[in-house]
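Each remark here refers to the structure printed beneath this line.
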Amino acid sequence: MWDFLPDAVLIVDGTGTVVRANPAAAALLGRERPMVEGRGVLDFLPAFDWNLTHPPKDPEDAETLYTARLRTTALTADGETFAVEIGTVRLDRHTLHSSMPHGSSLAVSLRDVTPDEDARAALSRSLLQAETVLRTASEALIGIDAEGRIDLVNPAAARLLGEKASELGGRRLLSLLTFLGHEGEPLDAEDAPPAEVLRTGRAIRLLAQELRTSAGTRLTADVAVRPVTVEGRTVGTVVALTDRRPYERLADDYVAAQTRCLRNHTAELQRQQRRTDHAVAHTRELGEFLSGPLAGALRHLHSEMLRLADDSSRPLWPEATVALEALAADVRMTMALMDSRSLPYPHDDTPVGPQRRTVLIDDLVQAGVRAAAAFAGPSRVRFSVHTPRFLVHVDPDDMTTAVGRLIADVVHTDDDTTGRGPHHVFVAALQQRGLLRIEVRGPFNGGARDHHDIVQGIATAHGGTLRTHRAPGVSGSTYVLELPSVVQEEAGADATPTAPADVLLRPTGRHRSATTHS
């Protein structure tokens with residue numbers, strides 16, 4: 001009979017020895033029946049209480065045939081353990097039972113509960129993970145049943161509601177948290193999102209929802225309400241609340257920081273504006289002084305020197321006349337330099353860049369030679385000019401200034417014994433690879449900022465270059481000014497230029513700022 005039972009059964013005698021094992025028990029323990037029968041029950045169930053094989057001393061316990069089922073571990077043939085659930089039935093050892101050896105006192109049934117234990121462990125891990133997520137979530141999570149009572153709440157929700165989590169179970173959510181309408185009025189319980197989700201079964205998400213707790217605290221939160229369904233029936237909801245107050249505080253702090261930064265920048269701009277206004281006023285006063293009293297005094301000094309040098313009624317010795325003429329030339333040069341520096345700065349509506357016109361190159365160079373007299377001072381200069389006749393498309397005022405200042409630079413020297421010449425200056429203009437090339441060679445190295453940097457600014461404005469060549473062992477330098485220009489050969493130079501020749505005689509001061517930016 002025992003052999004046909006589906007459950008594993010061991011028959012144990014009074015000494016704790018297994019006297020009979022059915023095939024199910026042998027298969028469960030991973031052994032053959034002969035290897036099970038005749039061995040102690042503790043070899044298979046190490047935690048078994050073998051005292052159960054002895055008859056109880058208490059008469060009342062003697063009437064108890066069955067023991068409560070308990071879980072323990074069993075050993076297999078290879079030494080591995082697994083979880084089993086055992087139950088015992090007490091037998092009368094003095095009674096001969098059918099198909100049992102004499103002296104059998106206990107029947108032990110075994111059931112493998114390893115799958116149950118694995119499921120229990122997985123469930124425990126899942127519950128632990130869920131509890132960890134709920135405790136560490138920054139969102140306030142509240143679970144309510146079909147009647148709107150709280151049955152789940154995490155610490156973030158308890159803090160939001162201002163209550164202890166242990167005191168929130170079973171209380172109605174809408175008694176602790178009131179949803180407000182657009183005008184700040186409290187919504188009825190039937191119109192609140194949790195009630196609507198319970199009624200319709202559809203999830204709801206609300207951004208920046210106004211709420212009020214039972215303590216009267218108003219807050220703004222993003223609300224997400226999702227239904228909990230069992231077999232298609234809504235049995236509750238989960239309410240997730242994301243408090244927006246930390247983000248609002250961050251936004252307020254950011255706005256305050258930006259406001260402070262803007263205030264500091266505004267104050268710094270005001271200070272810089274005051275400094276700029278002061279510099280502009282000082283520049284204006286200096287320009288008015290240069291073009292007013294100082295220019296008048298220099299003009300008067302220049303005219304008086306010329307008058308003394310030309311006064312035939314009181315003739316001077318030749319050396320004195322030459323000295324007066326040189327001093328008059330120095331004053332004239334000083335006035336020319338002062339005039340170029342005292343011109344007002346162009347306004348924003350002034351045309352930007354060179355004002356190009358088609359002119360004859362030889363007229364342009366001759367105008368530069370004449371303009372050099374105003375910048376060269378008392379030096380006596382002899383010129384060698386080589387300028388073929390062809391038309392160029394440039395700004396004539398700028399080119400007149402460039403040629404005149406290059407000539408003045410190569411005859412400029414701080415040595416009074418050699419500074420008055422006579423000096424020989426070579427000026428040439430030619431066309432080379434589609435470029436207008438102007439060369440100026442003189443006896444001194446030049447490089448004065450009042451001349452060189454202005455010409456450099458003119459060359460840059462025209463998209464050209466200014467280079468300086470100095471031959472080793474030879475005094476003096478050669479300036480090479482190259483500008484991109486539409487040039488015409490001498491055969492087409494009979495055409496009338498688009499600008500009259502007299503405009504070439506006006507050196508410009510537009511590029512005076514190049515001395516400070518070069």
Side-chain angles (χ1 to χ4, degrees), residues 333 336-337 340-341 343 346 352-357 359 361-377 379 381 383-388 390 392-413 423-472 474-487 504 506-518:
M333 181 187 65
L337 295 176
S340 66
R341 293 305 183 108
L343 291 175
V352 178
Q355 305 301 303
R356 300 177 184 269
R357 293 189 293 274
V359 295
I361 186 60
D362 54 349
D363 292 341
L364 186 111
V365 172
Q366 292 295 335
V369 170
R370 290 191 292 270
F375 303 115
S379 300
V381 183
F383 293 94
S384 295
V385 180
H386 175 71
T387 55
F390 56 85
V392 292
H393 192 67
V394 294
D395 187 322
D397 293 339
D398 284 351
M399 290 300 101
T400 300
T401 301
V403 173
R405 287 188 177 269
L406 288 179
I407 294 173
D409 198 30
V410 296
V411 298
H412 173 77
T413 181
H423 305 305
H424 192 141
V425 176
F426 174 80
V427 182
L430 65 154
Q431 174 191 358
Q432 189 177 37
R433 296 188 302 273
L435 297 175
L436 171 60
R437 179 185 177 97
I438 299 176
E439 294 185 7
V440 178
R441 183 169 68 246
F444 300 113
N445 291 332
R449 293 182 60 87
D450 284 337
H451 301 305
H452 177 274
D453 293 347
I454 290 178
V455 181
Q456 182 66 58
I458 293 174
T460 302
H462 281 73
T465 59
L466 176 65
R467 291 174 292 139
T468 305
H469 298 288
R470 293 186 178 93
V474 179
S475 63
S477 60
T478 301
Y479 283 112
V480 178
L481 177 64
E482 289 185 346
L483 305 175
S485 173
V486 178
V487 296
L504 303 179
R506 300 197 308 269
T508 180
R510 286 205 304 268
H511 296 276
R512 65 200 179 283
S513 59
T515 59
T516 59
H517 296 288
S518 59

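- Side-chain contact check for Ile361 versus Pro388: every heavy-atom pair is 4.5 Å or farther apart.
- Scanning both residues, Ala459 and Leu481, for their nearest heavy atoms gives CB-CD1, 3.6 Å.
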Inset, instruction - Determine, step by step, whether Phe383 and His424 satisfy the side chain to side chain contact (heavy atoms under 4.5 Å, CB included) criterion, reporting the C-alpha distance in whole Å, the side-chain angles of both residues, the deciding distance to 0.1 Å, and the verdict. - result: CA-CA 6 Å; Phe383 293 94; His424 192 141; over 6 Å; no

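- Side-chain contact between Val427 and Ser384: absent, with no pair of heavy atoms (C-beta onward) separated by less than 4.5 Å.
- For Gly464 against Leu483, the heavy-atom pair with the smallest separation is CA-CD2, 3.9 Å.
- Here the closest heavy-atom approach between residue Gln355 and residue Pro396 is recorded as O-CD, 3.9 Å.
- Within the 4.5 Å cutoff, the side chain of His452 has no heavy atoms near those of the Arg405 side chain.
- Contact between Pro484 and Gly463 at its shortest, heavy atoms only, is CD-O, 3.5 Å.
- Nearest heavy-atom pair across Leu364 and Thr400 is O-OG1, 4.5 Å.
- The closest side-chain heavy-atom distance from Met399 to Val392 is not below 4.5 Å.
- Atom NE2 of residue His462 and atom CG of residue Asp395 lie 5.0 Å apart, to the nearest 0.5 angstrom.
- Taking the side-chain contact (heavy atoms from CB on, under 4.5 Å) definition, one finds that Thr478 meets it with Arg441, His469, Val480, sequence neighbours left out.
- Side-chain atoms of Phe390 and Leu436, non-hydrogen and from C-beta on, do get closer than 4.5 Å to each other.
- Residues forming a salt bridge (Lys or Arg N to Asp or Glu O under 4.0 Å) with Glu482 (at least two apart in sequence, or on another chain): Arg437, Arg467.
- Between Tyr479 and Val410, the closest side-chain pair of non-hydrogen atoms falls below 4.5 Å.
- The nearest pair of heavy atoms linking Ala429 to Val365 is CB-CG2, 4.1 Å.
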